[in-house]
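Heavy-atom basis, side chains included; hydrogens, waters and symmetry copies ignored. Remember, it's 1-based here, ligands and their atoms both numbered in the order they're listed.
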Amino acid sequence: MKIVVPVKRVVDYNIKPRVKADGSGVETAGVKMSMNPFDEIAVEEAIRLKEKGVATEVVVVSIGVQQAQDTLRTAMAMGADRAILVLSEESPEPLAVAKVLKAIVAKEEPGLVILGKQAIDDDMNATGQMLAGLLGWGQGTFAGKVDVADGSVRVSREIDGGTEEVSLTLPAIITADLRLNEPRYASLPNIMKARKKPLETLNAADLGVDMTRRLTVVSVAEPPQRQAGVKVGSVSELVEKLRNEAKVI
Ligand code: AMP
């Protein structure tokens with residue numbers, strides 16, 4: 001069974017994002033970019049399934065600018081076998097990504113597509129669900145545990161206040177949550193080896209996908225500055241402030 005893992009290049013999670021001066025989005029010029037953390041978890045899960053003998057090949061896919069090939073090389077250094085880069089604008093919207101992935105699925109015929117549950121740049125949390133809808137496949141979103149056996153996959157989903165177990169017939173879509181696993185670091189020899197692994201570059205138009213945006217970002221703003229706190233002298237002063245200033249009791 002082949003596994004496809006879509007990986008997105010996003011602003012590194014350690015970097016504090018800055019809003020562009022014209023409020024049109026988040027600044028990415030000159031900013032450290034990395035693989036979306038949930039996609040690292042998805043890659044790790046696919047590699048573990050290959051190590052267990054459940055999967056035979058792990059193919060990573062990124063839709064974005066040329067530099068996204070660095071993200072794909074990172075995934076191959078972790079252990080993915082080959083990569084596909086579909087050239088487009090930076091950060092295409094989820095419906096366009098899902099349509100490209102549908103075309104990749106038609107070409108690659110995987111048994112599983114494992115995505116991240118969301119990309120940390122625009123927090124859409126939509127691509128996996130849209131892809132499942134476009135393909136008519138079952139979906140196990142927010143996966144905390146995955147077991148593949150006999151043509152089906154059992155997914156333990158992270159839901160409010162607990163977990164939910166679902167069983168999906170393969171082929172299926174999974175989106176990875178934080179507790180699924182702890183991704184490995186790529187070793188130096190594997191980083192070197194990844195340079196020689198195959199990376200195919202395509203255009204969205206080659207796949208017959210219309211990437212026209214349907215969403216317009218009206219504005220992006222920094223959160224309001226937090227005000228400095230005050231020290232209270234006594235419990236009664238605290239109660240008085242909570243009652244009369246904050247009006248929360
Ligand atoms: P989102 O719906 O944008 O929050 O993204 C959910 C998941 O879809 C991500 O964790 C990735 O696995 C995948 N994804 C989203 N955008 C892209 C992209 N441009 N290239 C590859 N994968 C993507």
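Checked by distance only, ligand 1 and T127 come closer than 3.5 Å through their nitrogen or oxygen atoms. Inclusion of P6 in the set of residues having an N or O under 3.5 Å from an N or O of ligand 1 is warranted. Considering backbone and side-chain N/O of A126, one or more are found under 3.5 Å from N/O of ligand 1. For G116, a nitrogen or oxygen atom sits less than 3.5 Å from a nitrogen or oxygen atom of ligand 1, counting backbone and side chain alike. For ligand 1, one of its N or O atoms has an N or O atom of I63 under 3.5 Å away.
Heavy atoms of T175 found under 4.0 angstrom from ligand 1: none, in either backbone or side chain.
For the atom pair OG1 of T56 and NZ of K50, the computed distance is 8.0 Å after rounding to the nearest 0.5 Å.
The distance from ligand 1 to the heavy atoms of A119 drops below 4.0 Å at these ligand atoms: 1 (P), 3 (O), 4 (O), 5 (O), 6 (C). Listed by number with element, the atoms of ligand 1 under 4.0 angstrom from any heavy atom of N125 are 1 (P), 2 (O), 4 (O). Counting the atoms of ligand 1 from 1 in the order shown, those under 4.0 Å from a heavy atom of V7 are 20 (N), 21 (C), 22 (N). Every atom of ligand 1 is numbered from 1 in the order shown, and the set under 4.0 Å from a heavy atom of V61 is 21 (C).
Summarising the contacts of atom 3 (O) of ligand 1 with K117, M35, M124, Q129, the nearest heavy atom is found in M124.
For the pair K107 and D206, the salt-bridge criterion is not met [side-chain N within less than 4.0 Å of a carboxylate O]. Contact check on E165 versus R154 returns a salt bridge, with a Lys/Arg side-chain nitrogen under 4.0 Å from an Asp/Glu carboxylate oxygen.
For the pair Q66 and L85, the minimum side-chain heavy-atom distance is below 4.5 Å.
For atom 9 (C) of ligand 1, the closest heavy atom belonging to the protein is D39 OD1, 3.4 Å. The protein heavy-atom contact nearest to atom 16 (N) of ligand 1 is K8 CD, 3.4 Å. The single protein non-hydrogen atom nearest to atom 14 (N) of ligand 1 is V97 CG1, 4.1 Å, given as residue, atom name and distance. Looking only at heavy atoms of the protein, atom 13 (C) of ligand 1 is closest to L115 CD2, 3.9 Å.
The local environment of CD in E222 is crowded, with over 12 non-hydrogen atoms from other residues, nucleotides or ligands closer than 6.0 Å. Heavy atoms of other residues, nucleotides or ligands lying less than 6.0 angstrom from NZ of K2 number more than 12.
Applying salt bridge (charged side-chain N to carboxylate O under 4.0 Å, His left out) to R184 and the options E40, E45, E51 leaves one that passes, E51.
In the hydrophobic clustering of ILVMFWY residues, with side-chain heavy atoms under 4.5 Å counting as a link, M78 and I3 come out together. Transitive grouping of hydrophobic side chains (ILVMFWY, heavy atoms separated by less than 4.5 Å) keeps V11 and Y13 in distinct clusters.
Scanning both residues, K117 and N125, for their nearest heavy atoms gives O-OD1, 3.3 Å.
Look at G128 and you'll find every heavy atom at least 4.0 Å from all atoms of ligand 1.
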